[in-house]
Amino acid sequence: MKLKNIAIVAAAAALAVGMTACGSSASSTAASSSVASSAAASSEAASSEAAESTTAEYTVYNTTGSTVTELYLYDAGSDEKGDNLAGENGLADGENIVITRDVEADKQSDVTYILEFTTEDGQTQSFETLHYEVAPISLLSVDAAAGATPIAFTAPEK
């Protein structure tokens, strides 16, 4: 959002310079100045929005091939995992859940979560460097997770 507003301001400034360089009338220069002012005001509004808290959202897809019986998202370094997000019946293969977190804007860059899950066959895996963001996450089976991580930052293909 912030990058978009910067681009709007830059485009408005370029328009104003271009119109002035072409020797346009005072009224069109005033109009371009008004556009630049509107873009600057829009940029300020976006900056104040960025200062407010935004919500981290993780859409977690179970692509393990079995039911996930336990699912936790908790602060790195914490001994308390919180509630089992898989629910009483677990998260069946192919199902997904949306997990949200809210943290004050000035602390979001310091947040690191651990995403931990256990499948019905007792296999537990965790990803220990999840940051504050909006991201799709596919949980992988132990065999598929033989790479660097037990998750993939993608939604499953349909």
Side-chain angles (χ1 to χ4, degrees), residues 1-16 35-158:
M1 179 89 167
K2 191 174 187 180
L3 186 57
K4 180 179 176 184
N5 286 329
I6 291 170
I8 290 170
V9 171
L15 178 63
V35 169
S37 296
S38 290
S42 175
S43 179
E44 285 179 25
S47 294
S48 67
E49 283 179 22
E52 294 176 10
S53 178
T54 57
T55 299
E57 182 178 283
Y58 311 95
T59 304
V60 180
Y61 300 90
N62 179 3
T63 61
T64 63
S66 62
T67 299
V68 170
T69 56
E70 296 179 38
L71 176 64
Y72 301 97
L73 179 69
Y74 56 97
D75 291 326
S78 175
D79 292 331
E80 178 60 36
K81 294 181 182 181
D83 295 334
N84 179 1
L85 302 171
E88 189 175 308
N89 298 322
L91 185 64
D93 186 48
E95 290 184 342
N96 68 66
I97 183 173
V98 176
I99 304 169
T100 58
R101 294 289 187 263
D102 290 308
V103 174
E104 294 174 23
D106 61 337
K107 297 178 183 172
Q108 292 172 2
S109 63
D110 298 329
V111 172
T112 302
Y113 294 118
I114 296 175
L115 179 68
E116 181 179 307
F117 64 97
T118 302
T119 55
E120 63 190 340
D121 60 0
Q123 299 291 325
T124 298
Q125 300 186 83
S126 63
F127 183 78
E128 299 181 6
T129 57
L130 188 60
H131 295 284
Y132 196 87
E133 60 193 313
V134 175
I137 299 173
S138 290
L139 304 178
L140 304 175
S141 69
V142 171
D143 293 336
T149 66
I151 65 173
F153 288 101
T154 60
E157 294 182 20
K158 293 185 180 197

So, does Thr64 use its side chain to make a donor-acceptor pair with the main chain of Ser66 at under 3.5 Å?
yes

Could you tell me if Thr118 and Thr124 have a donor-acceptor pair between their side chains, going purely by distance under 3.5 Å?
yes

Can you find a heavy atom in the side chain of Leu73 that is under 4.5 Å from one in the side chain of Leu85?
yes

Rounded to the nearest 0.5 Å, what's the gap from CZ on Phe127 to OH on Tyr113? Could you check?
14.0 Å

So, do Leu115 and Ile137 sit near enough that their side-chain heavy atoms are less than 4.5 Å apart?
yes

Separation between NE2 of His131 and CD of Gln108, rounded to the nearest 0.5 Å
13.5 Å

OH-CD distance between Tyr61 and Glu95, expressed to the nearest 0.5 angstrom
13.0 Å

Indicate the atoms forming the closest heavy-atom contact of Asp106 with Asp110, along with that distance.
O-OD2, 4.4 Å

Judged by atom type as modelled, is there a donor-acceptor pair below 3.5 Å linking the side chain of Tyr132 to the main-chain atoms of Ala105?
no

Are Val60 and Asn96 close enough, and set up right, to give a side-chain contact (heavy atoms from CB on, under 4.5 Å), and what steps lead you there?
CA-CA 5 Å; Val60 180; Asn96 68 66; over 6 Å; no

Spacing of Leu71 atom CG and Thr119 atom OG1 [to the nearest 0.5 Å]
12.0 Å

Tell me which one of Ile114, Asn84, Asp83 satisfies side chain to side chain contact (heavy atoms under 4.5 Å, CB included) with Tyr72.
Asn84

Hey, does Leu140 have a side-chain heavy atom less than 4.5 Å from the side chain of Thr63?
yes

Look up atom CZ in Phe117 and atom CG in Leu91, then write down how far apart they are to the nearest 0.5 Å.
10.5 Å

For Thr59 and Val98, indicate whether the former's side chain and the latter's backbone hold a donor-acceptor pair under 3.5 Å.
no

Working for side-chain contact (heavy atoms from CB on, under 4.5 Å), residues Glu133 and Tyr58
CA-CA 8 Å; Glu133 60 193 313; Tyr58 311 95; 3.9 Å; yes

Let me confirm one number: the CG-CG distance from Asp93 to Asn62, rounded to the nearest 0.5 Å.
5.0 Å

Shortest non-hydrogen separation from Tyr74 to Glu80 and the atoms involved:
CB-O, 3.7 Å

I would like to know whether Gln125 and Glu116 meet side-chain contact (heavy atoms from CB on, under 4.5 Å); could you show each step before the answer?
CA-CA 6 Å; Gln125 300 186 83; Glu116 181 179 307; over 6 Å; no

